[in-house]
Amino acid sequence: MSTGGDFARTVRASLREQKLSIRAASRAMNYDHAFLSRVLSGKQLPSAELAASLDTLLGADGEIIEKAGELSGDAQGNGSPKISDSEMGAGRSIAGDVKDAVNAPVLGISPFGGMTLEESGEHLLKMFLHLDDELGGDSLFLPLSRYVARMAVSVREKPNDGLLVFGQLNQMAGWLALDGNNHAAARNYFSEAVRVGHEADNPGLKASALAYMSLQETYRGRQAPALSLAQEAISLNSRQLTPLIRTILGTRLARAYASLGNEVSCRKALESARKEFAKVGSLEEPHYVSYVDSIEVAAQEGACYLDLGMSQKAVTSLTSAIGLLSIHAPNRVRDRVHYLSRLAKCYLLDGEVEQACQTGRHALDLSRTIGSARVAERLGEFEESLVPYGKAPRVIEFREQYRATTQALT
């Protein structure tokens, strides 16, 4: 027989694995932080809805729902509320269907005035792509995930209106979850985008979502799955794959090879991506790859060279990306912070500690204006890499500023 401690321990362990705080999980599920804290401290029983929401958010494959069910059985003899069989059945359905996201809304959505559902979704996708450049995924994931959850209801009712853009919005929600370091939710959304791409007979969406999944594995340091997913994506040799899609597939493959230290294959993949990028304009491109531009290509090259330890080449590519940002997209703050954090690592590799700290401080200053747990993690990695140089004045200054910034944001 289970105890309340079993449920709480399971949830807390999953939260730690996903690097989510109780407060962040509460926001993602639209629950009161104090309520979730009481549940996880054993002061209140979890409802079926909360258990299902936690199970889906954390990718627990029914384990959290099962623990909640066992807990309700324990409490029944003590006169505590019991989760009914019908509620448990509903909870399991939510956990098994990613389209319902975290709260299984009953109502669908209505199109914007004068638009079809497909057109409304495309309009929303453009808006979130723009907002993502300036704000990051931490604050954007919740509103988009709610919309996607409700859109799932409408698409099931009328699959001929909105299915493809529903897949694209799942991919966008996955990216926002990834930017917020919510890896379980990100993988669920990407997987749904792959499924929709297959169902809608759209190899471009399927390949793009697989490429995102590859990048996620690269971020998590899982090199073999990253390479496998990138190879699967690029193997979809279809005429429906546009130059921009092929460009991003090439960069994802290059990132996977770079993480494995395979310089020859990485360079070959980057060269292929450059050739595809040179063809841009020959075909109409889907909205979901509109973020792929000369800045993105240069930045991905820089990331590859950094992973390979080729610091000088990385500095050249990253400096180019930052320069292009300043000219063409000065409001893309999250990208600027990310590129600067990589550039700081390059300088540190070359032993230029002062330059590294100066660049890192610039990134740290800008990071206060965005919400991106992924970028914050990169800055944390840079801060840790400064430990061997702990007595240098610039290092002391950076580490103090980093701690102050982190505490303020927390």
Side-chain angles (χ1 to χ4, degrees), residues 16-17 19 21 136 138 178-181 183 215 217-223 226 254-263 266 295 298-326 332-410:
R16 285 195 298 271
E17 182 180 347
K19 297 182 179 179
S21 66
D138 289 6
L178 178 57
D179 196 48
N181 271 353
H183 288 288
L215 184 65
E217 296 304 301
T218 297
Y219 284 156
R220 300 182 75 181
R222 298 165 50 128
Q223 293 92 345
R255 291 291 300 274
Y257 278 129
S259 68
L260 286 165
N262 190 334
E263 180 185 341
C266 175
I295 303 170
Q300 291 300 319
E301 288 178 340
C304 287
Y305 292 136
L306 176 58
D307 286 346
L308 290 168
M310 303 169 66
S311 57
Q312 287 303 307
K313 283 188 171 294
V315 167
T316 299
S317 296
L318 291 170
T319 302
S320 173
I322 293 169
L324 290 169
L325 268 180
S326 300
R332 280 165 54 176
V333 182
R334 196 264 316 281
D335 285 346
R336 182 181 295 276
V337 175
H338 208 171
Y339 303 164
L340 284 169
S341 68
R342 287 175 179 160
L343 188 58
K345 291 180 181 179
C346 292
Y347 289 135
L348 196 60
L349 279 176
D350 286 342
E352 300 179 26
V353 179
E354 186 167 329
Q355 182 68 33
C357 290
Q358 182 177 336
T359 304
R361 288 186 67 177
H362 187 191
L364 199 57
D365 286 340
L366 290 172
S367 71
R368 298 172 182 173
T369 67
I370 60 171
S372 170
R374 177 177 60 96
V375 173
E377 184 176 51
R378 298 297 170 267
L379 286 168
E381 292 170 356
F382 173 68
E383 191 267 344
E384 289 179 6
S385 69
L386 291 172
V387 171
Y389 312 93
K391 295 183 180 180
R394 294 292 186 187
V395 172
I396 294 172
E397 289 177 8
F398 176 84
R399 299 189 75 190
E400 288 177 350
Q401 183 180 348
Y402 174 79
R403 284 191 288 271
T405 299
T406 303
Q407 289 172 0
L409 291 175
T410 303

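Any value given below was found using the heavy atoms of this structure, including those in side chains, with hydrogens, waters and symmetry copies removed.
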Gap between atom [atom2] of [Y] and atom [atom1] of [X] - 0.5 Å precision:
X: D307; Y: Y257; atom1: CG; atom2: OH; result: 15.0 Å
X: H338; Y: I370; atom1: NE2; atom2: CD1; result: 9.5 Å
X: Y402; Y: L364; atom1: OH; atom2: CG; result: 8.0 Å
X: E377; Y: N181; atom1: CD; atom2: CG; result: 4.5 Å
X: L260; Y: T218; atom1: CG; atom2: OG1; result: 8.5 Å
X: Y305; Y: K313; atom1: OH; atom2: NZ; result: 5.0 Å

Can you name the closest pair of heavy atoms from [X] and [Y] and give their distance?
X: A299; Y: L318; answer: O-CD2, 4.1 Å
X: I396; Y: G390; answer: CG1-O, 3.2 Å
X: C266; Y: C304; answer: SG-CB, 3.7 Å
X: L343; Y: I322; answer: CD2-CD1, 3.9 Å
X: S317; Y: A298; answer: CB-O, 3.5 Å
X: A356; Y: F382; answer: O-CZ, 3.4 Å

Original post:
Quick one: which of V375, T369, L366 gives a side chain to side chain contact (heavy atoms under 4.5 Å, CB included) with R334?
Top reply: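 Of the listed options, the one satisfying the test is V375.
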Subject >> Positive for side chain to side chain donor-acceptor pair (under 3.5 Å) with R255, one of E301, Q300, E217 >> reply: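 Passing option: Q300.
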Original post:
Got a sec, which residues hit salt bridge (Lys or Arg N to Asp or Glu O under 4.0 Å) with E17, two or more places apart in sequence or on another chain?
Top reply: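 In terms of salt bridge (Lys or Arg N to Asp or Glu O under 4.0 Å), with neighbours along the sequence ignored, E17 is linked to no residue.
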Original post:
Can you tell me if S320 uses its side chain to pair, donor with acceptor, with the backbone of T316 under 3.5 Å?
Top reply: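 It does not hold such a pair.
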Original post:
Do the side chain of D350 and the main chain of Q312 share a donor and acceptor less than 3.5 angstrom apart?
Top reply: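 No; zero donor-acceptor contacts below 3.5 Å.
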With side chains defined as the heavy atoms from C-beta onward, is the minimum distance between [X] and [Y] less than 4.5 Å?
X: H183; Y: L178; value: yes
X: Y389; Y: L348; value: yes
X: R332; Y: I295; value: yes
X: L379; Y: T406; value: no

**OP:** Apply the test side chain to side chain contact (heavy atoms under 4.5 Å, CB included) to residues D335 and L325: give CA-CA distance (whole Å), side-chain angles for both, the deciding distance (0.1 Å), then the verdict.
**Re:** CA-CA 8 Å; D335 285 346; L325 268 180; 4.1 Å; yes
Original post:
Can you find a side-chain donor-acceptor pair between S259 and R222 that sits under 3.5 Å?
Top reply: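 The answer is no; no qualifying pair exists.
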Subject >> Pair H362-R336, side-chain donor/acceptor within less than 3.5 Å >> reply: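 Distance-only check fails for H362 and R336.
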**OP:** Taking the six-membered ring of Y219 (Phe, Tyr or Trp), confirm whether the NZ or CZ of R378 is under 6.0 Å from its centre and within 45° of its axis.
**Re:**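 Yes, R378 sits over the ring of Y219.
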**OP:** From the options R399, R361, K345, select the one residue that forms a salt bridge (Lys or Arg N to Asp or Glu O under 4.0 Å) with E383.
**Re:**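 By the salt bridge (Lys or Arg N to Asp or Glu O under 4.0 Å) criterion, E383 pairs with just one of R399, R361, K345: R399.
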Original post:
Within a radius of less than 6.0 Å around CZ of R394, do more than 12 heavy atoms belonging to other residues, nucleotides or ligands occur?
Top reply: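 Incorrect, the count does not exceed 12.
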Original post:
Which is it for V337 and S372 under the side chain to side chain contact (heavy atoms under 4.5 Å, CB included) test, yes or no, and what are the steps along the way?
Top reply: CA-CA 10 Å; V337 175; S372 170; over 6 Å; no
